[in-house]
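Here is the structure we will look at.
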Amino acid sequence: MDNTKNTALVLGATGGIGGEMVRQLLAAGWRVRALTRGETPSPRGDHVEWLRGDALSRADVLAAAKGCAVIVHAVNPPGYRHWGRLVLPMLDNTIAAAIAENATIVLPGTVYNFGPDAFPVLTEDAQQRPLTRKGAIRVALEARLEWASTQGARVLIVRAGDFFGPRAGNNWFSQGLVKPGQSVRSILYPGAPGVGHQWSYLPDVARTMVRLLAMRATLPAFARFHMAGHWDHDGRQMTGAIARAVEQATGAPPVIRRFPWWLVALASPFVATLREMREMRYLWQTPLSMDNARLLAVLGQEAHTPLDEAVRATLEGMGNLKAAGKKNAPGLPAR
């Protein structure tokens with residue numbers, strides 16, 4: 001590879017999607033830089049160039065992106081605090097760096113941009129009429145990226161369902177269904193009975209992004225793709241896969257229970273994380289799947305790890321299958 005054209009900067013490299021993008025880029029032969037707010041990690045033999053800096057500092061981002069062909073924008077405010085105030089300034093810094101370097105911005109997209117009028121099957125060109133404050137910010141974010149694509153940057157957005165994976169970080173799987181590091185005696189499912197839900201295995205998402213990056217020169221300057229991921233048509237496929245993995249590992253099948261939305265409602269005025277969860281409840285009350293025809297037309301196939309294999313790897317990575325002797329703590333999962 002030509003190093004001047006195949007160096008990627010990853011913002012949010014210590015998070016779920018950012019960390020997975022680091023791993024997949026390295027596996028594909030890319031040179032990788034990572035910007036971190038804290039102390040740069042000691043050499044770990046991972047071939048990542050760790051730089052100290054802040055995504056909220058334009059000077060830091062511009063310096064880190066020097067000579068990069070790709071900037072992966074997978075960063076969020078610490079602890080998701082002040083999300084509405086900080087997300088767009090961070091993106092503006094990434095845009096400035098991408099324009100300066102004629103680089104491609106990679107953004108992990110979400111379904112927050114859309115309201116139920118775009119459901120039940122979501123296409124890339126569906127009207128974005130969000131129901132929530134966070135959704136409105138995501139719409140503004142993508143609009144700024146579309147503008148950037150007219151100013152010398154290129155943009156690749158890959159939209160997927162709820163993430164899960166061995167190192168997926170903050171997500172519904174590890175915040176709602178099970179608790180990291182604990183034996184799984186019960187599974188809390190947030191969805192309404194019989195309502196379908198979209199899931200995406202994080203390594204599959206990152207592999208798909210890297211494959212698209214390899215052909216970025218042939219894509220539109222502003223390119224959006226949807227992944228089909230794992231479609232749980234009735235809300236029982238994911239819980240069933242978890243139950244099978246746990247029973248195979250421990251001999252004891254977990255109980256499947258309804259997620260306590262009533263408790264979220266009571267506590268949300270006092271806990272920011274629970275307010276965010278409650279705001280997105282509508283995504284668990286109506287079916288939503290994604291049409292990946294555009295992705296298939298470009299790549300031929302979508303990276304797709306079988307559900308049982310993906311769930312087992314996720315539970316192993318989270319320490320759930322090694323914790324048979326521990327008792328679940330009461331209360332709701334936390335970020």
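The figures here come from the full heavy-atom set of this structure, side chains too, leaving out hydrogens, waters and symmetry mates. All values derive from a computational prediction rather than experimental measurement.
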Within the distance-only criterion (no hydrogens, no angle test), does the side chain of [X] pair as donor or acceptor with the backbone N or O of [Y] below 3.5 angstrom?
X    : Y    : value
R278 : V264 : no
D232 : Q237 : yes
D60  : D54  : yes
H197 : W231 : no
R33  : A64  : yes
Q24  : A206 : no
N93  : A55  : yes

Side chains of [X] and [Y], heavy atoms from C-beta outward: is any pair under 4.5 Å?
X    : Y    : result
Q301 : R211 : yes
L295 : M227 : yes
S200 : H230 : no
V87  : L141 : yes
Q128 : E142 : yes
R154 : F222 : no
H226 : V158 : no
D162 : N171 : no

### Task
Would you please say whether a donor-acceptor pair under 3.5 Å links the side chains of N320 and Q182?
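On atom types as modelled, these side chains do not qualify, holding no pair under 3.5 Å.
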### Message
I'd like to know if the side chain of H304 pairs up with that of D204 as donor and acceptor (distance under 3.5 Å, no hydrogens or angles considered).
### Response
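Distance-only check fails for H304 and D204.
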### Task
Could you tell me which residues satisfy side chain to side chain contact (heavy atoms under 4.5 Å, CB included) with R216, sequence neighbours excluded, listed by chain and number?
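Partners of R216 by the side chain to side chain contact (heavy atoms under 4.5 Å, CB included) criterion, ordered by chain and then number, come out as N6, W30, A69, V70, T104, L213.
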### Task
Please round to the nearest 0.5 Å and tell me the distance separating atom CG of L145 and atom OG1 of T150.
11.5 Å
### Sequence-distant partners of W261, ring pair (Phe, Tyr, Trp, His ring centres under 6.0 Å), two or more places apart
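Testing W261 for ring pair (Phe, Tyr, Trp, His ring centres under 6.0 Å), a comparison that skips the adjacent residues, returns W172, F259.
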### Test log, rule salt bridge (Lys or Arg N to Asp or Glu O under 4.0 Å), inputs E146 and R224
CA-CA 10 Å; E146 189 166 14; R224 281 188 290 215; 5.1 Å; no
### Query
Are Y201 and F164 close enough, and set up right, to give a ring-ring contact (aromatic ring centres under 6.0 Å, His included), and what steps lead you there?
CA-CA 5 Å; Y201 186 51; F164 69 105; 5.4 Å; yes
### Query
D291: what forms a side chain to side chain donor-acceptor pair (under 3.5 Å) with it, not counting sequence neighbours?
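Partners of D291 under the side chain to side chain donor-acceptor pair (under 3.5 Å) test: none.
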#### Entry: Residue list, salt bridge (charged side-chain N to carboxylate O under 4.0 Å, His left out) with D234, at least two apart or on another chain
R236
### Query
Could you go step by step and tell me if R312 and E316 meet the salt bridge (Lys or Arg N to Asp or Glu O under 4.0 Å) rule?
CA-CA 6 Å; R312 173 172 284 277; E316 288 176 346; 3.7 Å; yes
#### Entry: Criterion side chain to side chain contact (heavy atoms under 4.5 Å, CB included) on V155 and I157, from CA distance to verdict
CA-CA 7 Å; V155 176; I157 298 172; 3.8 Å; yes
### Task
Name all pairs fulfilling the salt bridge (charged side-chain N to carboxylate O under 4.0 Å, His left out) condition that reach into residues 240-264, sequence neighbours left out, sorted by first residue then second.
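Residue pairs with at least one partner in residues 240-264: R244-D308.
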### Inter- and intrachain pairs under side-chain hydrogen bond (donor to acceptor under 3.5 Å, both in side chains), touching residues 281-290, at least two apart
none
